[in-house]
Amino acid sequence: MTAPSIEFNNVYRHFDSNEVLRGMSLEVKPGEIYALLGRNGCGKSTAIRTLMGFIQPTHGVASLLSVDSQKLTPEHRGRIGYVSEGHRLYSTMRVSDAIAFENGTRPNFRLDEAKKAVARCGLPLRSYIGILSRGQKAQLSLILAASGKPEVLIFDDPALGLDVVMRREFLDAMIDILSDQGASVLFSSHVMTDVERIADRVGILHNGRMIVDATLDDLKRRVERRSLQGSADPDLLRSPSILNIRARRQGMDITFLDLDRETEARFQASGNLSEAQSLNLEELFLDLVTESGPSSLLSEPVGTLS
Amino acid sequence: MKALIRKDLNWLSLFLGAGLGLITFTLATEGFNEQWSSPWNRWLDVIFPVMWVSGLVFGIFAALREELTRTTEFLLHRPVSPTKIFLVRTFSCLGIVVLWQTIPVLLHLGVATQSDNWPIYHPSKVLEYFALGTPTLCCFCLGYFAGTLPGNPLTRLILGGIVGFPICAITYRLFLPIGDGFESSLLLFVGYHLIVGAILLFAAHGNQTSRNDPDRPLSVRYVLITGGCLVAGGMVATGLGVAPLQDSLQRTLCGLYPRIIESTQGTLLSVTRHNIGRIAVDENHRPVKPQLVIEDKQKSTWSYFHQDREDNRNIRHKWYEINHTRFDGEWRHLGWGSNQSWVAYLHYPDGLITLTTFADRDRGIEPASQTFGKGKGNEPFSAKAKILDSSRSRKQVLIGDPEDGLIWSCHFHGDNPSLVSHSLPDGDRFKDWARQIAPSRSFGLRFWEQDDQPDDEPPSYGIQGHNNLYVYAKSKITVASPEIKEFVRYDREPPVVALTTDPISSQVELRNDRGEVVIRHDYALRTVPEKIVGNLCLLASLLRTPLFQWIGMYPSRDRSNFRDAIIFDPLITGGKRKGLVAGNLAIALLLSFIAHRRLKKMGTDRKRRWLWVFFILLGGLISFILYRFLETNRAHRAVHVLNPDEATPYLIKSA
């Protein structure tokens, strides 16, 4: 069995008394594209910064290329590409200078490919980075990160602040660049449509805890929504198969996970249960993280501070 | 490495240009020629402070560059070690600092050689110029160190200041003539700054690579290096803070203590009472009964404590003086003309005066230098020649030579500089200068400190001959009046003799002209105000660092004032007041016990606990404050976690 490229093992991180990550665990296999989802402030950036070794976990280990991220050597870092939130680059550099800088500090940097990618995206080489649009900065960041021939790519909300068109262009560029690399990718996002287009596997962070860690296919297969006309037995509504219930005018919409025949029959007996409707990722995400969702049942802290 | 340098080139160039512009402008404003030839240059007043502050700002910016532009992670995520990033940055910045100092000189030389307007360089001045530049390197390192400290900007400022303050103070102290000669002084000065700079950079490297995280304890290595730097700085800073406090308390106490006064009633102890004048007090400092008021305020009074004190000179004055004595031991400044049109100094080894006249373009006069001596034969002055130090008042320049017994007044104005000799009346010979005297409209004839002499009064000077005392005024020498003789006698030979010396208690006696003791008094804390102020002064000793208190007990040298008491406490030198040292040590023990107990409670390792105990025993209160700054509750907060299986109750999990 091949070792995971990225691994979180029961990682905790707190800022003062605020617990941001609470026992986070996940694995990204080689070549896998993993999307880390969550609401603002749920701990996505903290997880990624911990993984990159910029901050230390309070407890647990985050590993990159099977190395504790706190012990990454320059050699390891040469195999990792990273795009920070907000695409932080030196704004006083020109695009060409930024490419030269990467080329000078990354032994595996493919200068020709970077120049080609820049030309393909229409980025002016002589322009200062400070005057580029957000979309152009995002594209440049991606090109710089991907041209180092990384085995692992980590993006912290790369589409943040981009409009729909820019986001689409950025995503196309990302798919284009990554299509032939075979790199493992971990990216955080809260734009579900993007995730559905490129991710193999999805993790949802909520209040610092992973509540979902599954492949997209698996999610679509196992989660379904049905409408129930009429009322149901309160005991039946406490079934472990139910992820979310939303009241409707004459009945309710119920989101099920792994609905078995027996439970389905009991619901049919209490009212008219509609046919299964498939959920898109956004709907599933909303069902999981909104107040009426099951995550509220898990709001008890896992770790406690003393 | 090239890429790392190229990345920083834009802001490095900006700092190079700005620094060069500022320094060249300052040098040009102050006058290039004057800076190289006059011993009384303004390097320490303007030029070098500008460079030092520039170095400090540069260091802070260099440390915070990525933090300000929020590009720290962009820089650090690449395959380059943080040490390499640190080294490339610091060495390129240090290169800029060196260029700041070198390029203006080269530019000046280039311009001068082209225009035939040769500056008159003295080799010692060139060495001094580059030596005085080393604090700029040190200031850069200090700025870099402060910028990399943990915490918010205010915390960094406070911590940086704790280290920076003593560095600046020691820099200032090093101008005092410690070394035996010019070269050794220079070496000491440069060596100190290079060593301190290197230590600060080493600590800054530790700060920068340790990724200071407010929620994680600092590493023991970090505590050892950065904590050690801060504790060392803090220990000196404590002395710098406590010494003036004790000094001001001692001054207050001296004001409270009675003074010895000669009055018609005889020699008495007296204290001043507002609106009454002086009142006589007994040996217990209580007013004698019936009350005796001494109304004559002009009578001479003496106090051992007051006579022992140095002149209260401000720092600027002192630096000026120190610059002169430290780096120009062979060249004694005589004076300069208005607008610095000329400068003259006496070269002691050959005894000749060198007069440098600067360019006066309106009159077509180029800079020139000429040497001359006494009389037509240009005879040199003897090594015992004494200059009346009137340079700051820029009035008359007088040199007294005990060898020929004459006074020489210098006339450097106009095209024919000359020396005019004056002999003392009755065939007497010059021995030394008495203090400068001048009439005062308010108080009649009185003595002035040279700096205080009013500009609108004609200057007059006291001359001590072998047989008599004289006054030089309006180019004439006359025998001094008995009143002046009286002042000079007391001024030069204090009649109050201290039998024991101590900052707050002392036994003194006053002798008359025949050497008989007319009054003896034991100054001690007797009245309530004296006890309050005196005990506060003693309590301030408890704030000092235990290590220095302990060492300070042993030197037998008796220190009676706090002016030089930055390191050692004059209250305990020579084994006095052992209780104070014990109290100081007891406080340090208590604080180290508190620190140890807290760290143990927080579950920290033994090394860290004992390291802080050691630091607190060395530095006392200041180390304890630094310990609280660095070992925060937040960093040591314990976290209890469940095991992974229990801690992650996924709602949806697939293989």
Side-chain angles (χ1 to χ4, degrees), chain A residues 9-10 12-17 22-25 49 52-56 58-60 73-80 82 84 86 88-93 97 100-107 204 209-215 218-219 222-223 243 257 288 294-295 298 302-306, chain B residues 1-14 65-66 68-85 88 210-217 219 602-603 632-655:
Chain A
N9 189 1
N10 198 24
Y12 282 75
R13 172 69 210 197
H14 65 81
F15 291 105
D16 204 0
S17 56
R22 298 190 287 173
M24 180 182 178
S25 296
R49 294 181 68 224
M52 288 300 296
F54 299 141
I55 53 175
Q56 299 175 63
T58 310
H59 176 84
T73 61
E75 189 207 342
H76 292 120
R77 290 198 181 276
R79 294 157 62 194
I80 301 164
Y82 171 64
S84 64
R88 297 284 171 197
L89 299 165
Y90 289 109
S91 54
T92 48
M93 273 185 178
D97 296 336
F101 177 52
E102 291 294 328
N103 188 39
T105 53
R106 288 189 179 277
I204 296 179
R209 294 169 52 206
M210 291 287 286
I211 56 171
V212 172
D213 178 18
T215 61
D218 209 22
L219 277 180
R222 293 169 62 190
V223 181
L243 287 179
L257 170 70
L288 289 172
S295 58
L298 298 170
V302 177
T304 52
L305 301 175
S306 65
Chain B
M1 198 175 88
K2 276 182 194 168
L4 288 173
I5 296 174
R6 210 178 297 131
K7 171 183 73 71
D8 290 337
L9 265 186
N10 47 10
W11 64 269
L12 285 177
S13 317
L14 196 72
R65 155 77 176 149
E66 266 70 31
L68 292 171
T69 52
R70 298 173 71 186
T71 46
T72 311
E73 293 175 2
F74 177 67
L75 178 64
L76 291 180
H77 88 274
R78 62 198 60 256
V80 182
S81 73
T83 302
K84 191 171 179 182
I85 292 173
V88 169
S210 64
R211 291 165 296 172
N212 292 314
D213 185 340
D215 293 294
R216 299 280 296 188
S219 69
M602 292 198 280
T632 59
N633 287 337
R634 181 177 168 177
H636 289 282
R637 183 171 281 126
V639 177
H640 299 288
V641 295
L642 302 176
N643 71 50
D645 295 334
E646 292 172 27
T648 51
Y650 290 99
L651 287 170
I652 306 170
K653 168 89 175 158
S654 62

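By convention in this document, chain letters (A, B, ...) are assigned in the order of the sequence lines, proteins followed by strands, and residues within each chain are numbered from 1. Just so it is clear, the structure is predicted and the values come from calculations on it, not from any experiment.
- Each of B:Glu66, B:Lys2, B:Lys84 has some count of heavy-atom pairs under 4.5 Å with chain A, and the biggest count is that of B:Glu66.
- Closest approach of A:Ser84 and B:Glu73 over heavy atoms only: CB-OE1, 4.5 Å.
- Taking each heavy atom of A:Thr92 and B:Arg65 in turn, the nearest pair found is OG1-NH2, 3.8 Å.
- Across every non-hydrogen atom of B:Ser81 and A:Pro74, the tightest pair is N-CG, 3.8 Å.
- In terms of heavy-atom pairs under 4.5 angstrom with chain A, the leader among B:Thr69, B:Thr72, B:Val80 is B:Val80.
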Stepwise, does the side chain to side chain contact (heavy atoms under 4.5 Å, CB included) test hold for B:Leu4 with A:Phe101?
-> CA-CA 7 Å; B:Leu4 288 173; A:Phe101 177 52; 4.0 Å; yes
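- Residues B:Pro79 and A:Arg106 are in side-chain contact: their nearest non-hydrogen atoms beyond the backbone lie under 4.5 Å apart.
- Between A:Tyr90 and B:Phe74, the ring planes lie perpendicular to each other; the angle is over 60°, past the 30° to 60° tilted range.
- Residue contact with chain A, scored on non-hydrogen atoms closer than 4.5 Å, involves the backbone and the side chain of B:Lys7 alike.
- Donor-acceptor pairing under 3.5 Å is recorded for the side chains of B:Arg78 and A:Thr105.
- Annotation: maximal heavy-atom pairing with chain A below 4.5 Å, among B:Thr632, B:Asn633, B:Leu75, B:Leu9, occurs at B:Leu75.
- When all heavy atoms are compared, the tightest approach of A:Arg88 to B:Arg70 is NH2-NH1, 2.9 Å.
- Neither the backbone nor the side chain of A:Asp97 has a heavy atom closer than 4.5 Å to any heavy atom of chain B.
- Between A:Arg13 and B:Asp215 there is a salt bridge, since at least one side-chain N of the basic residue sits less than 4.0 Å from a carboxylate O of the acidic one.
- The candidate with the highest count of non-hydrogen atom pairs below 4.5 Å against chain B, out of A:Leu89, A:Ile80, A:Asn103, A:Thr73, is A:Leu89.
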